[in-house]
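So the structure is just underneath, and the comments pick up after that.
Throughout, residue positions are numbered sequentially from 1 according to the sequence presented.
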Amino acid sequence: MLHSYEVDDDYSRSYVGSYPKDFCGPEEDGDIFGTVEMKPKILLMGLRRSGKSSIQRVVFHKMSPAETLFLESTNKIVKDDVPHSSFVRFQVWDFPGQIDFFDSSYDTELIFSGCGALLFVIDAQDGYTDALNKLQQTVIQAYKVDPNIKFEVFIHKVDGLSDDQRIDIQRDIHQRAHDDLLDASMDNIHLSIYLTSIYDHSIFEAFSKVVQKLIPELPTLENLMDIFISNSGAEKAFLFDVISKIYIATDSSPVDMQSYELCCDMIDVVIDLSCIYGLKGDNDGGFDQRSSSIIRLNNSTVLYLREVNRFLALVCIVRADNFRKQGLIDYNFTCFRNSIQKIFELRSRRGRLAALPSVGAKIDGANGEV
């Protein structure tokens, strides 16, 4: 028997007991090519008032951080479909902090099966001893169900801390979490830890790292990004999901937070201007296949945005001297976009083949290669 927590779903309301019918695994959905693909889950967990719902609302619903102050504590499981990105579609499940997975009335198989990533939020401005105990228990339970789950820890609400305090807390949490898993003979579990706040871009950057782990095509995308910037004279490039400002891929050079923030701000500017001056009746908010933007900064740097499809945009940082060859950059971008299209077509073809029982078995036997 399951506890009577509700599932709040804005898109459908079909339940089995207190959980929806698809709670036992990932949901199937079609992408823009009509491919049926499994939709992985990202589970948002942590103690009460740790900031889970605020993260979800700011990242995926464009709520301003100030508005999250008025959010009530979550007392039911909230399911949120995130269909914006054409490379990965997933569901975010926001769990109330008071759920005890060790209660015999909960079936952990149902909770953790089909989970792509488990994201545990810790309030950095509160004592985190209880949070670390809950983290250990949750991670161990999830690992027993599916060892392939990605375990992510957000040390949240760091905006009120100094740089030294942030470093000390991150080091302390990392060490104590590792020691707890070592004592439980679970030291093979890897935890990725991030410092986050909804009042800056750190939450978007951290969520980008989480989502990237759910993208099978990520190595191919990163290779394409490297080829693009090396042949275009660009300093850095990001492939953005336009709606959420999550970057699903970047080149192999290290990510500079300031560069990422500039690119995020550019996305906001383009979307806002497109909504005001775009074609009337455009359901995509004015962002279409002709969307592009050039912003020249006062440090001899150019921000250049080009749409890839109605979900994705490429934003690159180019030196003003190199941007004189804009025709070359545009040609390389066309090649890049065509390559992205081919990846979609390959995914679509493999999805259709996998949907056929006999062919799907052959694909599985060949490790997914056709």
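Checking Asp330 against Tyr304 by side-chain atom types alone, a donor-acceptor pair falls below 3.5 Å. When only modelled atom types and interatomic distance are considered, Thr301 and Asn299 share a side-chain donor-acceptor pair under 3.5 Å. Donor-acceptor pairing under 3.5 Å is lacking for the side chains of Asp80 and Gln91. For the 3.5 Å distance criterion, the side chains of Arg306 and Ser291 fail to qualify, holding no donor opposite an acceptor. Using modelled atom types, one finds no donor on one side chain facing an acceptor on the other under 3.5 Å when comparing Asn133 with Gln137. There is no side-chain donor-acceptor pair under 3.5 Å between Ser50 and Asp123.
Using a 4.5 Å heavy-atom cutoff, the side chains of Phe151 and His190 are not in contact. Counting only heavy atoms from C-beta outward, the side chains of Phe60 and Ile55 never approach each other to under 4.5 Å. Using a 4.5 Å heavy-atom threshold, the side chains of Leu181 and Ile140 count as touching.
Put simply, CD1 on Ile246 and OG on Ser208 are 5.5 Å apart, with the number rounded to the nearest 0.5 Å. One finds the CG atom of Leu191 at 10.5 Å from the CD atom of Gln136 (value rounded to the nearest 0.5 Å). Summarising the geometry, atom CD1 belonging to Ile42 is positioned 4.5 Å from atom CZ belonging to Phe90; distances are rounded to the nearest 0.5 Å. Note: Asp256 CG to Glu235 CD = 11.5 Å, rounded to the nearest 0.5 Å. Rounded to the nearest 0.5 Å, atoms CD1 (Ile167) and CG (Leu195) are 8.5 Å apart. How far OG of Ser197 is from CD of Gln125: 8.5 Å, rounded to the nearest 0.5 Å.
Here the shortest heavy-atom pairing between Leu44 and Val121 reads CD2-CG2, 4.0 Å. Here the closest non-hydrogen pair linking Cys115 and Ile149 is O-CG1, 3.6 Å. Summarising the geometry of Leu239 relative to Met225, their closest heavy-atom pair is N-CE, 3.5 Å, with the distance given to 0.1 Å. Shown here for Ala237 and Thr250, the closest heavy-atom pair between the two residues is O-OG1, 2.6 Å. Closest approach of Phe228 and Ile329 over heavy atoms only: CE1-O, 3.9 Å. Listed here is the closest heavy atom pair of Ile243 and Lys62: O-NZ, 4.0 Å.
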- Message: salt bridge (charged side-chain N to carboxylate O under 4.0 Å, His left out) for Asp172 and Arg176? Distances and angles first, verdict last.
- Response: CA-CA 6 Å; Asp172 185 41; Arg176 291 171 63 178; 3.4 Å; yes
- Query: Please walk me through it: do Phe207 and Tyr247 pass side-chain contact (heavy atoms from CB on, under 4.5 Å)?
  - Reply: CA-CA 9 Å; Phe207 229 108; Tyr247 71 93; over 6 Å; no
- Worked check of side-chain contact (heavy atoms from CB on, under 4.5 Å) between Leu305 and Leu314: CA-CA 6 Å; Leu305 178 147; Leu314 179 72; over 6 Å; no
- Message: Run the side-chain contact (heavy atoms from CB on, under 4.5 Å) test on Met257 and Ser202 for me, step by step, so that the C-alpha distance in whole Å, both residues' side-chain angles and the decisive distance to 0.1 Å come before the verdict.
- Response: CA-CA 8 Å; Met257 198 62 185; Ser202 61; 4.2 Å; yes
- Please walk me through it: do Phe120 and Thr138 pass side-chain contact (heavy atoms from CB on, under 4.5 Å)? CA-CA 9 Å; Phe120 197 92; Thr138 305; 4.1 Å; yes
- Query: Would Ser253 and Asp251 satisfy side chain to side chain donor-acceptor pair (under 3.5 Å), going step by step from the backbone distance to the final call?
  - Reply: CA-CA 6 Å; Ser253 63; Asp251 57 90; 2.3 Å; yes
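When the side chains of ILVMFWY residues are joined at heavy-atom separations under 4.5 Å, either directly or via intervening members, Val318 and Ile294 end up in a single hydrophobic cluster. Ile227 and Ile340 sit in two unconnected hydrophobic clusters of ILVMFWY residues. Membership requires side-chain heavy atoms under 4.5 Å apart, directly or through other members. Note: the hydrophobic cluster containing Leu47 does not contain Ile173 (ILVMFWY, side chain heavy atoms under 4.5 Å, direct or indirect links). Connection of Leu224 to Phe311 is established within a shared hydrophobic cluster, with ILVMFWY side chains joined at heavy-atom distances below 4.5 Å, either directly or through further cluster members. Both Ile343 and Ile248 are assigned to one and the same hydrophobic cluster, defined by single-linkage of ILVMFWY side chains at heavy-atom distances under 4.5 Å.
For Thr68 (side chain) and Ser64 (main-chain N/O), no donor-acceptor pair under 3.5 Å exists by modelled atom type. Distance alone, capped at 3.5 Å, places no donor-acceptor pair between the Asp94 side chain and the Val78 backbone. Between the side chain of Asn322 and the backbone N or O of Gly233 there is at least one donor-acceptor pair closer than 3.5 Å. In terms of modelled atom types and a separation under 3.5 Å, the side chain of Ser113 and the main chain of Glu109 share a donor-acceptor contact. Remark: side-chain polar atoms of Arg48 are not paired, donor with acceptor, to backbone N or O of Gln98 under 3.5 angstrom. Between the side chain of Glu222 and the backbone N or O of Pro219 there is no donor-acceptor pair closer than 3.5 Å. With hydrogens and angles disregarded, no donor-acceptor distance shorter than 3.5 Å links the side chain of Ser232 to the backbone of Ile229.
A salt bridge links Arg337 to Glu307: at least one charged side-chain nitrogen sits closer than 4.0 Å to a carboxylate oxygen. Salt bridge Asp241/Lys245: absent, no basic N to carboxylate O contact under 4.0 Å. By the 4.0 Å N-to-carboxylate-O rule, Arg171 lies close enough to Asp168 to be salt-bridged with it. With salt bridges taken as basic N to acidic carboxylate O contacts below 4.0 Å, one links Lys209 and Glu205.
Annotation: cation-pi geometry satisfied between Lys236 and Phe238 (NZ/CZ under 6.0 angstrom from ring centroid, within 45° of ring axis).
Residues that satisfy the side chain to side chain donor-acceptor pair (under 3.5 Å) test with Arg296, not counting sequence neighbours, are absent from this structure.
Test Asp146, Asp107, Leu118 against Phe112 for side chain to side chain contact (heavy atoms under 4.5 Å, CB included) and you get one pass: Leu118.
By the 6.0 Å contact criterion, NZ on Lys213 is enclosed, its count of non-hydrogen atoms from other residues, nucleotides or ligands being greater than 12.
Other members of the hydrophobic cluster containing Met63, listed by chain and number, are Leu71; membership follows side-chain contacts under 4.5 Å among ILVMFWY residues, whether direct or relayed.
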